[in-house]
Amino acid sequence: MTELLLLCDAPDVTADLFRQAAQGLGVDARLVRLDDTQPTLRLGHDVAVELDGARLQPDIVINRCSANPSGLPSVEALARQSIGSWSGRFAAAREEQGLLLAVLDAWESFGVTVVNPPAVEARSVMEHWFAVQMAHANIETGRRVDETVAVVDGRVAQRPDQTLNVETLRVCQAVATVAEARLCEVDVEMGEGACRPVAWRPRVDLLAHGDGAALAGPMLAHLLGIAPQDVPVSPVDLFVEDLVTNLESPPGP
Amino acid sequence: MADRAVAIFGGDDDPQVRTVGDALRARGVEPTVVRLVPDELAVWGWGTGHLRRDDGFDLGSLAAVYVRGVPAIVPRHPTSVVAEAERAEWEALAERGRRWHGVARSAQLHLESLGVEMVNPAACFWYHRSKPAADLRVRAAGLRVPASVVTSDPEVAHAFLDESDGEAVFKPVAGGGACRVLTHDVIDARSAELGRAPVLFQERCRGRDLRIYTVDGAVVGAAVIHTDNVDYRGHETGVDAIEVTDEIATIAGRAADALGMVFAGIDIKDPGTGDYTVLDVNPSPMFASLSEAAGLDIADALAARLAEGSFR
């Protein structure tokens, strides 16, 4: 049976929704909250990641923790530290980040799929770099957030109440491509034609997409490679990549 | 006179920055020294084909940059104890510092995409945020690294010390701090602290401390550092330049390549039996005082690489 591990900083509603969706898909899912527990990493004859004395080697990890290799610990990582001094709290978060980066790297070296790797989180902090990449792709950035769009593997997951035009889909796909994110959400300013991206995040907040439950199953199924017909919730109106294909190559008369 | 424009990211009070600057000038290149602090970064103009300072200087036109360091803006507080009422404000300050760091790293990535040679590229510094992550890559290159465990569980630490026959050390996961001898008493005395943050425990490797400098994977200087301490830093009793064997040169080159470093300072333990262990691969090693003590010229090799595109 496929084993899914959800790694998160603290209580995480989206992670819970993915776990519930995994159960619906018959997938064994485990949620590891870093404010509760921390893994151990061994580098000896063997490399192993352990939790409470047992080896952890999932097939896929949905990484929702904020550890990133580009710089300093996030607010989420600082917030969960229990040390009573300011400097101690900062140092503890930094050390924990060092462990998590190595754990995620170790899993990737075993062939575990990590969605998303820490490098994606690092890119999310580099707003200037992102703005230049958007300019390079001839995509104008916006300021006002009208919509939040979830993207998985370049496919836009559209809420039932959303109607996104093809230009918007292309922009959101371009953002995910620049970010090298398999899973992300994009804040966009809507306009006459193409939308303008305002910001993006590697950690999707499913509650920003209705009740979130409708998207969790199809998105997770896609990441796990489960065929659409085996997904309990119909994916028909959720992934709109087909819409782009149809518009570019309309069916013949 | 070389026609390659070169910059150094770092402070001009840093001996490494000064010596590389001097070596570049000796080659006819006047380096631009840039300290990547918020006041500096705030006035830069970003574009698809340029990264321009407020004085009009385009960093995108540089041939190469020696990245000595990017300052980390860590929030300070006048008291040591966390007052919950101030917590949100302190966390906001920390986040602002993190974002500024992101701007500095953005500059590095942008310059890389413009074809500026970064010595070293940003990704090298990413691995340096986690010693075990770097060890994983060095290990994957077929090199020996110390057996280690990263944990916040005192029982795991006790067991590791036993497995290591009582010969183990501990050090920070994210690097920077001293390496110390591990004992069961140390674990017991610090078990509460350990429970709050993970620590890197490693087998203690005994032998000569070798520091090898490489440029493009080739050795440009090497020294043996004499010490009576488990960690030579701050406890050097002498330094001697050495000629390395082909085997050590190969190990050093492969370690630097494994982490994508153009310029590296590699720490190797030489037990005298040929079982060399790579302890650390540093993307921005200190070399000024060691060069002076051992009679090496690391700065010139680095300057040659920056100014000519090759150190040979």
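Just so we're on the same page: letters track the sequence lines, and every chain starts at 1. Note that the coordinates shown come from a computational prediction; the quantities given were computed from them, not determined experimentally.
Between Leu43(A) and Leu136(B) there is a side-chain heavy-atom pair separated by less than 4.5 Å. With a 4.5 Å cut-off on side-chain heavy atoms, Glu86(B) and Trp86(A) count as touching.
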### Task
Decide yes or no on side-chain contact (heavy atoms from CB on, under 4.5 Å) for Thr40(A) and Val149(B), but give the supporting numbers first.
CA-CA 7 Å; Thr40(A) 285; Val149(B) 63; 3.5 Å; yes
### Task
Could you walk me through whether His128(A) and Trp44(B) pass the side-chain contact (heavy atoms from CB on, under 4.5 Å) test, one step at a time?
CA-CA 11 Å; His128(A) 288 65; Trp44(B) 284 8; over 6 Å; no
#### Entry: Stepwise side-chain contact (heavy atoms from CB on, under 4.5 Å) check, Leu78(A) with Trp90(B)
CA-CA 10 Å; Leu78(A) 290 169; Trp90(B) 182 78; 4.0 Å; yes
### Query
Checking side-chain contact (heavy atoms from CB on, under 4.5 Å) for the pair Arg139(B)/Val47(A): CA distance, chi angles, key distance, verdict?
CA-CA 10 Å; Arg139(B) 187 180 189 275; Val47(A) 177; 3.2 Å; yes
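Using a 4.5 Å cut-off between heavy atoms, Asp52(A) does not touch chain B at all. Residue contact with chain B, scored on non-hydrogen atoms closer than 4.5 Å, involves the backbone of Ser124(A) exclusively. For chain B, the nearby parts of Ser74(A) are the backbone and the side chain; heavy atoms of each come within less than 4.5 Å. Of the atoms belonging to Arg137(B), it is side-chain heavy atoms, and not backbone ones, that fall under 4.5 Å from chain A.
Distance alone, capped at 3.5 Å, is enough to place a donor-acceptor pair between the Glu95(A) side chain and the Val173(B) backbone. A distance-only check finds no donor-acceptor pair linking the side chain of Arg42(A) to the backbone of Ala147(B) [under 3.5 Å].
Taking a cutoff of 4.0 Å between a charged side-chain nitrogen and a carboxylate oxygen, Glu121(A) and Arg98(B) qualify as a salt bridge.
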